[in-house]
Amino acid sequence: MNNVKDPVVVRFAPSPTGMLHVGNARTALFNWLFAKSTGGRFILRIEDTDCDRSTSEYTKMILDNIRWLGLSWDEGPGKGGDNGPYLQSERLVSYREKAEILIKEKKAYRCYCTQEELEIRKQEAVSQGKQPIYDGKCRNLTAEDIQKHDEKGSGYTVRFIVEPQELIVEDLIRGQVRFDLSLYGDFIIMKSNGYPSFHFAVALDDALMGVTHVIRGEDHLPNTPRHMLLFRSFGVITPQFGHLSMILGPDGQRLSKRHGVTSVDEYRQKGYPPQALVNYLALLGWSPGDGQELFSVEELINKFSLKGISKSASIFDPQKLDWVSSNYIHKEDPSDIAIHSIPFLQDAGIDYVDEDYVVKAMAVLKLSLITYSDVVQKGSFFWNKEYEFNDEAIEVLERCEVGKFIEVLLVNLKDWVEGSMPGEAVRNASLASGIKGKEIYHGIRAAITGMVSGPDLAGIVNTLGPERVQKRLKCVLQKFWMADKNES
RNA sequence: GACCCCGUCGUCCAGCCUGGUCUAGGACACAGGCCUUUCAAGCCUGGAACACGGGUUCGAAUCCCGUCGGGGUCGCCA
């Protein structure tokens with residue numbers, strides 16, 4: 001096994017057959033944290049051996065999402081390194097050569113069985129109550145048999161020989177796991193299209209790239225014996241394995257589209273700070289043991305340890321993500337929030353006046369934000385001259401007493417030209433109209449924001465300034481109270 | 001079906017390895033309250049779990065066995 005002093009080399013190896021999923025993202029994160037916390041290297045490798053489903057668009061997006069999360073790689077696409085190339089489709093020669101060597105060494109053999117034959121024999125096995133594994137038909141083909149097949153031009157796969165035996169996986173997270181290899185059968189390492197199978201490509205690449213720790217999803221645990229066999233046949237040290245439990249949807253089922261947001265990119269588009277997603281994902285299946293839940297990336301690196309990883313599956317909780325995210329934004333400087341939010345304002349086609357104004361608004365808005373995109377809705381009264389009134393606000397404003405109060409307030413506010421709204425004017429208006437407490441603040445808020453809840457009212461008034469506030473009050477008076485009065 | 005993994009509040013975790021300090025702790029969510037002459041934020045309080053059954057032991061959430069439940073894998077997908 002590996003010497004403790006050997007530097008850690010880990011990798012994250014997504015296949016570009018879809019978007020980067022939160023489950024994969026957590027796997028990437030744990031690998032990255034493990035590398036960072038041990039001073040090791042983090043390699044990124046793209047497993048694009050599924051010609052039908054892999055696309056370069058997905059590769060691009062996955063890379064982009066990993067970058068967005070802040071998980072920089074030491075070797076990989078766009079970065080280079082001593083163990084490249086980092087796209088499996090560019091490493092075909094090594095797989096083919098190695099497969100030939102394994103055949104020569106009698107550790108693998110050509111298999112001419114067609115998929116149809118395989119399917120039929122599998123059905124037979126199942127109907128007889130046997131394991132549906134490859135029966136080894138082509139294992140002992142003679143040279144003549146092979147020649148005959150080749151003359152016919154039959155395609156073939158290459159299968160790796162699995163001898164029945166017990167194999168023990170020493171899992172970093174799960175401990176000893178025993179497998180009975182008589183249940184496995186000879187598996188394919190080269191497909192008939194000349195591409196390596198997943199098992200072969202992973203094992204060879206991990207061997208060639210000097211990977212010391214393979215941290216991946218639990219769905220790969222049953223594959224691990226195959227990979228270990230392959231490492232042994234290469235004559236290299238087998239890396240250590242650690243299998244992470246799955247992330248499940250709210251219904252306890254495997255994460256899928258119907259659970260709503262599952263891809264990293266969607267969270268990005270929704271305006272979650274990447275650090276918040278990283279923080280939440282770290283919490284899902286890992287704990288520092290001391291109860292801390294909010295971390296900077298540096299703290300995460302310092303505290304991370306394989307020991308803190310839990311064995312049981314965990315359910316993704318969007319509400320807790322929101323909590324982490326809001327905590328993150330609460331601590332951020334208004335100017336930084338502005339930088340991250342402005343793209344959302346622009347996308348919404350909002351004329352936000354100028355950056356200084358946005359920064360000022362963020363200072364009062366930030367406590368209401370869960371994501372950066374929230375600024376559009378939750379701060380709409382900051383950006384739009386023609387802000388909308390929601391039902392609750394209309395209900396408040398349609399009361400005649402509120403109109404009376406606002407009318408008096410406007411008169412009292414005549415000399416107000418700068419700073420915050422004079423408390424004296426409010427008090428006098430309250431006295432004169434007989435309206436007080438809850439009503440007056442509700443009224444002012446509803447009038448100038450169109451909502452009955454939101455950020456600190458004084459802050460809003462301050463940011464909007466005397467001119468805008470008075471104008472809005474006048475408009476509201478016109479719109480709600482005057483109309484009412486005329487009718488009655 | 002076979003094999004493998006897992007099983008503490010609704011959810012995420014701590015405790016389990018090295019049995020007693022656990023009348024099981026924290027967080028999210030939920031409920032109530034405080035603060036603010038509004039709402040939000042913040043603060044406080046509350047309800048809420050050791051899957052079940054055996055065994056070992058003076059003593060088990062912690063160790064052992066079984067049952068049940070959930071998940072995973074059985075592809076020329078990865």
Side-chain angles (χ1 to χ4, degrees), chain A residues 13-18 47-50 52-54 88 111 113-115 118-119 122 126 129-134 155-159 169 171 173-175 177-180 183-185 187-199 201-202 216-225 243 245-246 248 250 252-254 280 283-294 307-308 310-324 326 330 365-368 378 392 396 426-427 430 436-446 449 451-458:
Chain A
S15 64
T17 54
E47 310 216 321
D48 56 348
T49 54
D50 183 344
D52 297 332
R53 297 196 301 145
S54 299
Q88 288 186 330
C111 170
C113 298
T114 66
Q115 298 195 50
L118 255 21
E119 186 54 36
K122 187 192 280 182
V126 171
K130 290 185 200 156
Q131 288 294 325
I133 59 174
Y134 182 65
Y156 63 87
T157 60
V158 178
R159 284 183 187 271
V169 175
D171 194 276
I173 295 164
R174 268 143 232 289
V177 186
R178 290 159 193 274
F179 292 95
D180 178 3
L183 267 28
Y184 274 68
F187 60 93
I188 290 171
I189 58 173
M190 290 299 286
K191 305 188 247 185
S192 58
N193 65 1
Y195 274 68
S197 72
F198 158 75
H199 301 299
V202 194
R216 68 216 315 190
E218 193 187 10
D219 46 342
H220 287 301
L221 188 52
N223 291 328
T224 307
H243 290 91
S245 56
M246 305 273 93
L248 274 19
Q253 298 290 302
R254 202 174 184 170
Y280 174 67
L283 245 31
L284 207 52
W286 172 80
S287 151
D290 60 6
Q292 185 177 350
E293 307 220 67
L294 266 10
K307 282 201 186 78
S310 77
K311 295 178 183 178
S312 51
S314 28
I315 291 174
F316 191 89
D317 180 6
Q319 283 185 314
K320 184 124 185 190
L321 201 217
D322 283 354
W323 176 76
V324 173
S326 60
H330 291 357
L365 198 53
K366 68 183 228 175
L367 289 182
S368 315
K378 292 185 175 166
E392 294 151 306
V396 169
V426 178
R427 271 191 299 277
S430 168
K436 47 190 169 180
K438 195 173 167 168
E439 291 285 293
I440 61 173
Y441 283 90
H442 247 130
I444 298 174
R445 178 185 289 280
T449 71
M451 307 172 188
V452 290
S453 75
D456 175 59
L457 189 56

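Here is the naming used below: chain letters follow the sequence lines, and residue numbers restart at 1 for every chain.
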When all nucleic acid strands are considered with a 4.0 Å heavy-atom cut-off, which category describes [X]: base, sugar-phosphate, or nothing?
X       : value
G285(A) : sugar-phosphate
G454(A) : base
S430(A) : nothing
S245(A) : nothing
H220(A) : base
R427(A) : base
E47(A)  : sugar-phosphate
K378(A) : nothing
R53(A)  : base
R445(A) : base
S326(A) : nothing
T157(A) : base
L284(A) : sugar-phosphate
N223(A) : base

[N] versus [M] - spacing of their [atom1] atoms, nearest Å:
N      : M      : atom1 : result
C64(B) : G19(B) : P     : 12 Å
G7(B)  : U62(B) : P     : 12 Å
U56(B) : C65(B) : C1'   : 11 Å
C63(B) : U57(B) : C1'   : 10 Å
A24(B) : C50(B) : P     : 11 Å
C39(B) : G32(B) : P     : 14 Å
G1(B)  : A61(B) : C1'   : 34 Å
U23(B) : C9(B)  : C1'   : 16 Å

Which residues pass the side-chain contact (heavy atoms from CB on, under 4.5 Å) test with [X], sequence neighbours left out?
X       : answer
I133(A) : Q131(A)
P222(A) : Y184(A)
H442(A) : V396(A), K438(A), V452(A)
D50(A)  : D52(A), R53(A), S54(A)

If you count the non-hydrogen atoms of other residues, nucleotides and ligands that lie under 6.0 Å from CD in E392(A), is the total more than 12? no
Checking H199(A) now: which residues fulfil ring pair (Phe, Tyr, Trp, His ring centres under 6.0 Å) with it, not counting sequence neighbours?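 Partners of H199(A) by the ring pair (Phe, Tyr, Trp, His ring centres under 6.0 Å) criterion, ordered by chain and then number, come out as F187(A), H227(A).
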Walking RNA chain B from its 5' end, the first of S368(A) and Y184(A) to be reached, judged by nearest nucleotide, is Y184(A)
D456(A) or C111(A), whichever maps to the more 5' nucleotide of RNA chain B: D456(A)
Chi angles and distances behind the side-chain contact (heavy atoms from CB on, under 4.5 Å) call for V202(A), H220(A): CA-CA 11 Å; V202(A) 194; H220(A) 287 301; over 6 Å; no
To the nearest 0.5 Å, how far apart are OH in Y134(A) and SG in C111(A)?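 Rounded to the nearest 0.5 Å, the OH-SG separation comes to 3.0 Å.
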Mind checking what makes salt bridge (Lys or Arg N to Asp or Glu O under 4.0 Å) contact with R216(A), not counting sequence neighbours? none
D219(A): which residues meet the salt bridge (Lys or Arg N to Asp or Glu O under 4.0 Å) condition with it, sequence neighbours left out?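 With neighbours one apart ignored, the set is R254(A).
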Dot-bracket, 5' to 3', for RNA chain B please: Watson-Crick or G-U pairs under 3.5 Å, [ ] where pairs cross earlier ones, | where the partner sits on another strand, dots elsewhere. (((((((..((((......[....)))).(((((.......)))))....(((((..]....))))))))))))....
Would you say S197(A)'s side chain and I188(A)'s backbone share a donor-acceptor pair under 3.5 angstrom? yes
5' to 3' on RNA chain B, which nucleotides open and close the contacts with chain A (atom under 4.0 Å from a heavy atom)?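 Span of nucleotides near chain A: A2(B) to A78(B).
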